[in-house]
There are 4 protein chains.
Amino acid sequence: MGERPAREERRGPDVERAAVPRTRRGQATRERLLAAAREVFAEVGWARARVEDVCRVAGTGHGTFYQYFPNRTALLVALVAQHAGELNALAEAPWTSGDVKSDVHRVIDGFVAVSEQDRDVRVAWAAAAADEPALAALFGEVRRQFVARVHANLAAAVADGRARADLDLEVAAAGLTAMVEHSVALDSAAEPSSRLGRTRLVSGLTDLWVAAVYR
Amino acid sequence: MGERPAREERRGPDVERAAVPRTRRGQATRERLLAAAREVFAEVGWARARVEDVCRVAGTGHGTFYQYFPNRTALLVALVAQHAGELNALAEAPWTSGDVKSDVHRVIDGFVAVSEQDRDVRVAWAAAAADEPALAALFGEVRRQFVARVHANLAAAVADGRARADLDLEVAAAGLTAMVEHSVALDSAAEPSSRLGRTRLVSGLTDLWVAAVYR
Amino acid sequence: MGERPAREERRGPDVERAAVPRTRRGQATRERLLAAAREVFAEVGWARARVEDVCRVAGTGHGTFYQYFPNRTALLVALVAQHAGELNALAEAPWTSGDVKSDVHRVIDGFVAVSEQDRDVRVAWAAAAADEPALAALFGEVRRQFVARVHANLAAAVADGRARADLDLEVAAAGLTAMVEHSVALDSAAEPSSRLGRTRLVSGLTDLWVAAVYR
Amino acid sequence: MGERPAREERRGPDVERAAVPRTRRGQATRERLLAAAREVFAEVGWARARVEDVCRVAGTGHGTFYQYFPNRTALLVALVAQHAGELNALAEAPWTSGDVKSDVHRVIDGFVAVSEQDRDVRVAWAAAAADEPALAALFGEVRRQFVARVHANLAAAVADGRARADLDLEVAAAGLTAMVEHSVALDSAAEPSSRLGRTRLVSGLTDLWVAAVYR
DNA sequence: TATGAATGAGGGTTCATTCAT
DNA sequence: CATGAATGAACCCTCATTCAT
């Protein structure tokens, strides 16, 4: 295959360039940009969201952007960071409290809630992951956390006999997580008319999840 | 040698520009381009795949590309069309033959097989769907077919008592399809070292699927 | 430095891309581009005038052009607008003041003056009109104004007996206007050595015009 | 001004490349191409007429074109040659036969007839003249012939007292020719609804012409 | 003679990023 | 801090012309 000039990843200086705002005004501007970005992502998607669009919506000059973000990608990274934080919090919170079904229900519901609330960020994130290794890595990271947590839970359930002993724990953890993640993504991307909605979705997925692994 | 006269705007739509090759040689060139595209997509992904790269890999001149495809997107569309055809064939083939478990296994295995074989096309397809409505629509179309088929099967199973009567059929159909689709996608995108592999994946997913819905 | 991310299709129409300069510096750049365009059109003609040529002559970067004009055609449109404005002013100014001959002379002279001064724009305009409907329409518009004005004047002259009563007013208005317009165009396009020159041209055309329609 | 790489004119070999068809079949193909060219020019104009379009309309292969014409321009040249021949014939035919008015009428009518019949070729010719020196020269050539002929006629008329003695013969010859030429061009390019039509045009222009120069 | 395939220079346009004010 | 202007590397697409069959 013809050699292709390696497209090298971004490098160091960028990081320092992202001056942390020192004044209240700066803080506000940065936040306006983030809010504008959400809007623009929602409207045209990550690939078509131009820095200038974001600035126009935010009501700032085009150059101002680079006072707060070293580059276009950093904008999404910032947004994703918040979202990822919430997801991680979810993954780390206690999952077991009462009966299995309500536990599963609570976790799935939490996931759906966070996902729907940050829907546009998630969509942009997923799209950008196809091209930005940094975002792809973060995406994988978050998922890995969830899968690990599910895995641990299932293992415990198997150990004390609540779950089937013949489960392939790894496949089950990955598969059930994938089911929830993708179902939510698809449903929130669907036409409003054919959307299942949070309630049914959460109940239905909980039902499948429980039936799939517990005795 | 391309002497250019006064340049002017484009004419009609790109449609008829996609000449169907009329000779064996043309056919071969077109195929070389498609094969090259697969390679390039695999290497750099859809968004960064330049027409020129594809041509270099295919060993043709840059202009040759446009003898066979009206634009860059059409290349992916052509590749996707083949793949979608196989998926649809799968969705339309008979699904029930013997016992439930082996039926489910066969279908999932078929899906995984097709998906892995056209892995790069699927990845590019998904990435492009974020920006190309046509591809997004096709993506939805194919999934809808599968979900509908699953739905019908579950309904039949409920009717004759093989499946649980309290299933939310729509959520179940969508959720299980999502589980398989996403699990496969993620696994084939994972580091080779942490990949579960087709055998385990198919068995494990089959197990979950069967346990989730059948008595 | 233009790092390009995933490229995608164009957005909305080019309209809002034509930023109006907000600073003196921007204003100056825009004007430099317009002046450069005149030069380039004069040298190589509309069809062969490349955006890059204009930028080189203007001493700006290639991208700068698109800060001020949404596309190559808009450059000509801007130039034409100024010129058309002057022509329309001419068509709307008072035409009658003293005796018929000096009135006609004044109008023709004004037209020739404006035409010669913007010679290159006119030539480019005419050339582009063959392919750009917008410019063709504007061309027709301006001419229509003139013809209408001539028509009205002739009608008045017929009414008060200064002009021949048997005139076909429409043909006369269109024909005499065409005579002046085309004579000027041809003369300014001719070899300098065989050019008739403004003085003779204006006198001679005035003479023909007067003799053709007045008693 | 920035130097610009001289865009050199075409050169010798082209001429010999235009093989004269030796067989009846070849002759027919060539004519099909010419006829197709007229159609295409009429439909999309010279600048947008692609060689391939002409071939498609003619029903020949794309490569066939170059068996009969060395390049795209030659196609128009061939068409123009026929048309120019008719115009020259007109310019060389006897112009005086009876009374002045009917002579002028006859000549103008002949010109209009030829122009309307080859309307599309004339339009293409004029458009191409802006960019192709060869066609521009031919255009000037034909006009020069006409102007010279008009000039001679006017001179004779002045000599024998039929025309005004104070005429500026050169301006009159150029101006009246321009009037007819441009009036015809504009009228045939106008919306059918606002067209004056051959009859009125010829009568009206004849009237103006006669009044303008004859006693 | 006829033809479809192949070519590649050419040129328009986009937009992230840098800079001077 | 804020900003509008400037930049230029990318990259897509066109089409006259050449070539092999």
Side-chain angles (χ1 to χ4, degrees), chain A residues 17 19 21-23 25-26 29 50-53 55 60-73, chain B residues 1-5 7-11 14 17 19 21-30 48 50-53 55 60-73, chain C residues 1-5 7-11 14 17 19 21-30 48-53 55 60-73, chain D residues 17 19 21-23 25-26 29 50-53 55 60-68 70-73:
Chain A
R17 191 79 63 76
R22 296 188 197 292
T23 69
R25 177 148 72 116
T29 302
R50 299 178 314 157
V51 171
E52 192 173 348
D53 295 333
C55 292
T60 78
H62 188 166
T64 304
F65 180 87
Y66 290 88
Q67 297 265 332
Y68 299 100
F69 302 95
N71 53 53
R72 180 173 170 269
T73 301
Chain B
M1 225 214 311
E3 193 228 304
R4 311 202 83 237
R7 96 205 62 86
E8 296 304 334
E9 318 305 300
R10 192 163 307 113
R11 296 280 301 294
D14 290 329
R17 197 72 63 97
R22 283 184 228 292
T23 67
R24 194 154 302 159
R25 189 177 170 211
Q27 190 54 245
T29 300
R30 194 187 132 99
R48 300 181 124 86
R50 294 181 294 146
V51 171
E52 197 184 330
D53 294 334
C55 293
T60 77
H62 189 163
T64 303
F65 179 87
Y66 292 91
Q67 291 257 330
Y68 300 102
F69 303 96
N71 52 52
R72 180 177 165 270
T73 300
Chain C
M1 224 214 316
E3 194 228 303
R4 311 201 83 236
R7 95 204 66 83
E8 295 303 334
E9 320 304 302
R10 193 164 306 113
R11 297 279 301 297
D14 291 327
R17 199 69 65 93
R22 283 185 229 290
T23 67
R24 196 153 302 155
R25 188 173 167 217
Q27 189 55 243
T29 302
R30 194 186 133 99
R48 300 182 124 88
R50 294 180 295 146
V51 171
E52 199 185 329
D53 294 334
C55 292
T60 78
H62 190 163
T64 302
F65 179 87
Y66 292 91
Q67 290 257 332
Y68 301 103
F69 303 96
N71 52 51
R72 180 175 166 269
T73 300
Chain D
R17 191 81 63 76
R22 295 186 197 294
T23 68
R25 176 148 75 116
T29 301
R50 300 179 312 159
V51 171
E52 191 172 349
D53 295 333
C55 292
T60 78
H62 188 167
T64 305
F65 179 87
Y66 292 87
Q67 298 266 330
Y68 299 100
N71 53 52
R72 181 174 170 270
T73 301

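Numbered from 1 within each chain, the chains take letters A, B, ... in sequence-line order.
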Nearest whole Å is fine: how far is [N] [atom2] from [X] [atom1]?
| X | N | atom1 | atom2 | result |
| --- | --- | --- | --- | --- |
| C:Asn71 | E:dT14 | CG | C1' | 13 Å |
| D:Tyr68 | E:dT3 | OH | C1' | 12 Å |
| B:Gln67 | F:dC12 | CD | P | 18 Å |
| C:Asp53 | E:dG11 | CG | P | 8 Å |
| D:His62 | F:dT17 | NE2 | C1' | 8 Å |
| B:Glu52 | F:dA10 | CD | C1' | 10 Å |
| A:Tyr66 | F:dA5 | OH | C1' | 14 Å |
| A:Phe65 | E:dC19 | CZ | P | 17 Å |

When you measure from the side-chain N and O atoms of [X] to the phosphate of [N], is any distance below 4.0 Å, counting only OP1 and OP2?
| X | N | result |
| --- | --- | --- |
| D:Thr29 | E:dT1 | no |
| C:Thr23 | F:dA5 | yes |
| C:Arg50 | E:dG11 | yes |
| D:Arg25 | E:dA2 | yes |

Which heavy atom of B:Pro21 sits nearest a heavy atom of B:Tyr68, and at what distance? CB-CE2, 3.7 Å
Using every non-hydrogen atom in the two residues, find where B:Cys55 and B:Gly61 come nearest and quote the distance to one decimal. SG-O, 3.6 Å
Is D:Gly26 touching bases, backbone alone, or none of the nucleic acid, heavy atoms closer than 4.0 Å? nothing
Just call it for C:Thr64: base, sugar-phosphate, or nothing, with non-hydrogen atoms closer than 4.0 Å on any strand. base
Take D:Glu52 and D:Phe65, measure what side-chain contact (heavy atoms from CB on, under 4.5 Å) needs, and give me the verdict at the end. CA-CA 9 Å; D:Glu52 191 172 349; D:Phe65 179 87; over 6 Å; no
A:Val51 vs A:Phe69 side-chain heavy atoms within contact, under 4.5 Å: no
From F:dC12, E:dT13, E:dA16, nucleotide with atom closest to A:Arg72 side chain: E:dA16
Return the stems involving DNA chain E, sorted by first number, where pairs are Watson-Crick (N1-N3 with N6-O4 or O6-N4) or G-U wobble (N1-O2 and O6-N3), both under 3.5 Å, and runs are 3 or more long. E:2-21 with F:2-21
With rounding to the nearest 0.5 angstrom, report the [atom1] to [atom2] distance, [X] to [Y].
| X | Y | atom1 | atom2 | result |
| --- | --- | --- | --- | --- |
| B:Arg72 | B:Arg50 | CZ | CZ | 10.5 Å |
| B:Gln67 | B:Arg30 | CD | CZ | 12.5 Å |
| C:His62 | C:Tyr66 | NE2 | OH | 5.0 Å |

